[in-house]
Each structure stands twice: as structure tokens, then as C-alpha cells.
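First comes the structure, then the notes that go with it.
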Protein chains: 2
Amino acid sequence: MRKSVVIAEDHAFTAAGLCAALGEMGVFDIVGVAANGIEAISLIKQTRPDCAILDLSMPGANGLEVLIEARRWSPATRVAIVTGNPSPQILGQLVEAGVDGIFLKNSAPETICAGIRAIAAGEKVIPAEVAGAVRKAGTGAGLTAREIEVLHAIARGLSNAQIGKALGVSAKTVDSHRTTLMRKMGVHSTASLLVLALRDGLIDI
Amino acid sequence: MRKSVVIAEDHAFTAAGLCAALGEMGVFDIVGVAANGIEAISLIKQTRPDCAILDLSMPGANGLEVLIEARRWSPATRVAIVTGNPSPQILGQLVEAGVDGIFLKNSAPETICAGIRAIAAGEKVIPAEVAGAVRKAGTGAGLTAREIEVLHAIARGLSNAQIGKALGVSAKTVDSHRTTLMRKMGVHSTASLLVLALRDGLIDI
DNA sequence: CGTAATATCAGGTGATCACCCCATTCACGC
DNA sequence: GCGTGAATGGGGTGATCACCTGATATTACG
């Protein structure tokens, strides 16, 4: 029995290559291709496919966000994430969110195709190099969702007062989160905080 | 007359999609596909193609390095660079090195195909958004050497006093440079300054 | 039920930052 | 020679940050 699959990938050529490879396997029906995260979410919501293959970095919503929404609207859909340059933190979040498979764009096509077939069959596929990265992320993480939100706001250049307004809390609360972030990351300045967060993939530009 | 072309792209699916699209156009002979920069250089050296399509980020040697080597060994080869996330600084270097065309991976396939055909015909193709980024890089280069030093020190998380000690000047001087940096970059916080500098490739982690 | 973690906020203090004005020196170009 | 800009710094001010000691409410977990 053929499996329905949707693809989300903002680079048209990559999407085309992926479609071609999956088509040749003869076990997948590609029911839709999205060029950004928003499209991907609504596509999954509408078609409830057996399988979704998502690029990690996309305009609108990234692969992680799409994964979470997919889980909400179509829990039976098996989700694979494809990424070019994986950061440990993000991979950790993906695993935590229950992703079914992770693939690197520079892997051999056969590896990826085989992996996707395995995922469609119900397996979980996490390559060794990714698993290593995730292990490393586990030790460094420990930040709460709220703290990450504050981190993102800081990266946008907002002051405590502005962040407070944006998140609907007092500036003092933001200050608390900021202090906690500093302590957890082991730094004492906004600059170091940002550099570390970028290096660890907690935020991006 | 058909043009010979080589492709360098480390993501197999993207390479496949690109090959397919170029093949369908019926005006190109794909004489080789390289999966990294080193392969790309030796391939160009051997085949001296009419046209080379290079990914910017590749293992071994990046698109810029391949471009420079290509110019040395096969000056007649028209070179197009394809990139996912362009940094103004790098784009500036590409233009300076005399690249024939720049394409963004998330552009429409037709746009890219048309552009490649134009390049093969002898034109130069620099999209508006890229040209804008390059222009901005020109202004970003308006920073002085001393200001860049201070920028790097800030990114290392040092305070004005520490930077002053490190550079052998007073904290007040550092403060002046910092103020000038803020004005030149059009921001009002250390966080924004860092994010902008990172985005523009002025500093990295 | 206890307790641990999280999120919320206040008051306060000293350090630092962002930015203003200003002066000096030095190099480069017209 | 004279203007321009870079690099150097001093003085000063108000905003903001970094961090502290608390307090309270909610949620989660054993």
C-alpha cells in the first residue's frame, strides 16, 4: 500500500530532487509540496498524510514549529526533519518534541530514501552523528520556554521594559528571567549571552 | 549550440533537482557534478566548461574559493554562485572577484534557470535583493579598523574597561568607538549591534 | 500532602551603558 | 595651509543592566 506524503522545502530545486527520488521509489504518493512553514502546517492539517518531510529552516515557520503543529492536528503523521547545518540545541528540541527521523542534507540520497521508508514503516531514524550532537545538547540546555522567549526578545534588541510590554509582564519579571539566563549560561553580559546562545543554536539571525 | 556546464553542490537532492531542470532546458550538457569544493576545482580544471554553477557553502572549499581557482585555470568559464543565506560581506567579495551571477536557493526555479541561460549567453545577473545587500556591505565596510577591533571585543563579552585594558587605551575611548558604532549601524543597544554585525558578516562566532 | 520548579513581581544598589559636549593629536587630501 | 576624519580621552547625565533578597501563585510529581 502506498503512503501519502507531504514535503515542505523552501528551496525549489531541493524539493524537486526530493520529489523525484521519492517518486522513483514507487511507495509514496506525494500529496502536496509547501514552500514555507505556514503552508506546510495548513497542508498537513488538511491532508493528514502518513508522512511529512520538513526542511528545518524555512520562512514563516521552521521545521520544529511545523512538527509541533503537525502533532496537534494530525498525530498519526510520521514526521521527518531534513537539515543542512544542524545545531545541537535544535536537534535536542526536535527529539524532545518526538520527531520520527532526522536527516542531513549532505547525506547520500540512498541513505535518506532508505531512512524515510523506515520512518514510514514506523521506525525512528536518528543518525549517529546527530545522536552525538543531541547528547551534547542535553547537558547544556536546561532553559525554560519563557527564558527562551526572553532570549529571543533580547536578540531583537529590546530593552527589559519593551520585552515586558511584548510578553505582557512587568519589566522586573523580564529582569528576573535575564538574571536566571545569565546564571544558567555562566556569563555576565548581554553580549556573551547572545554569542553563547547563537553558538549553541538557541537563537538565530 | 549546447553549452557544457559543471555543477558543484554538496546536497545531493538539490544537485539532482538542478540537473533535472537544466537538462529539461535542452541547451546544456552537464559534464560533471562535484559534491565538494575540491572536486569542483579539479573538475573545472579538467573540463574547462562554458559554465559552472557553484553552491556557496560546501565542504573542502567554498564557492568563493572555487570561483577564484576557476578564474585562474579556466578564465573563459562563466561562473554562477547559488546560496541559501547570503551575507552581504561574502556577496561583496564575490562581486569583487568577478562572479557572473548570484542566485538565491529560495527563488523560483524559472528565475534561476532563466538567469543561468543569461549568464551562459554572456550577461551578468545580480538580483535586486542581492545588489541591495552588497550596497549595504559597502556602507558597513565604512567602519574603521579600530571600530572593528572594539566590535570583536564586545562580542567576546568584555566591558568597556576590559576592552580599554586589552587595547591599551582608556575606557572612555572605547566608549567613544562604541557610540560611533551605534550611530553608524543605526542601533541603540549592544544586542542589536551584535546581531547586525553577525548578520552582515562583520564578526563571527 | 509536601515540595520542587516555574513564573510572576517588588525594592534596592552599584556598575555599566548610551549619548551628549568638548579638546587634542595626527595623517591625508585638495 | 586647511579642512576632514580618525583616534584619543575627559566630564557629565540619565537610562539600563546585573544581581541581590525576598514574596506569592501555579503547576507538576512522587
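Chain A is the first sequence line, chain B the second, and so forth, proteins listed ahead of strands; every chain is numbered from 1. Hydrogens, waters and symmetry mates are skipped; everything else that's a heavy atom, side chains included, is used.
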Nucleotide by nucleotide, 5' to 3', does protein get under 4.0 Å of the base (B), only the sugar-phosphate (S), or neither (-) in nucleotides 4-22 of chain D, counting heavy atoms?
-> --SSSBSBB----SBB---
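Considering only residues two or more places apart in sequence or on other chains, A/Arg183 meets the salt bridge (Lys or Arg N to Asp or Glu O under 4.0 Å) condition with none of them. Under the salt bridge (Lys or Arg N to Asp or Glu O under 4.0 Å) criterion, A/Lys165 pairs with no residue, sequence neighbours left out. Scored by the salt bridge (Lys or Arg N to Asp or Glu O under 4.0 Å) test, A/Arg146 finds A/Glu149 as partners (sequence neighbours excluded). Evaluation of the side-chain hydrogen bond (donor to acceptor under 3.5 Å, both in side chains) rule for A/Asn106 yields no partner, not counting sequence neighbours.
No donor-acceptor distance shorter than 3.5 angstrom exists from the side chain of A/Arg48 to the backbone of A/Thr77, with no hydrogens or angles considered. The backbone N or O of A/Leu158 lies less than 3.5 Å from no partner atom in the side chain of A/Gln162, so there is not a single donor-acceptor pair. At distances below 3.5 Å, not a single donor-acceptor pair connects side-chain atoms of B/Arg78 with backbone N or O atoms of B/Ile116.
Screening A/Arg178, A/Lys184, A/His152 for a side-chain hydrogen bond (donor to acceptor under 3.5 Å, both in side chains) with A/Glu147, the sole residue that qualifies is A/Lys184.
The nearest whole Å value for the distance from the CG atom in A/Leu181 to the C1' atom in C/dA7 is 13 Å.
Each end of the helix from C/dC1-D/dG30 to C/dC30-D/dG1 yields a helix axis from five base pairs, and these two axes differ in direction by 50° (to the nearest 10 degrees).
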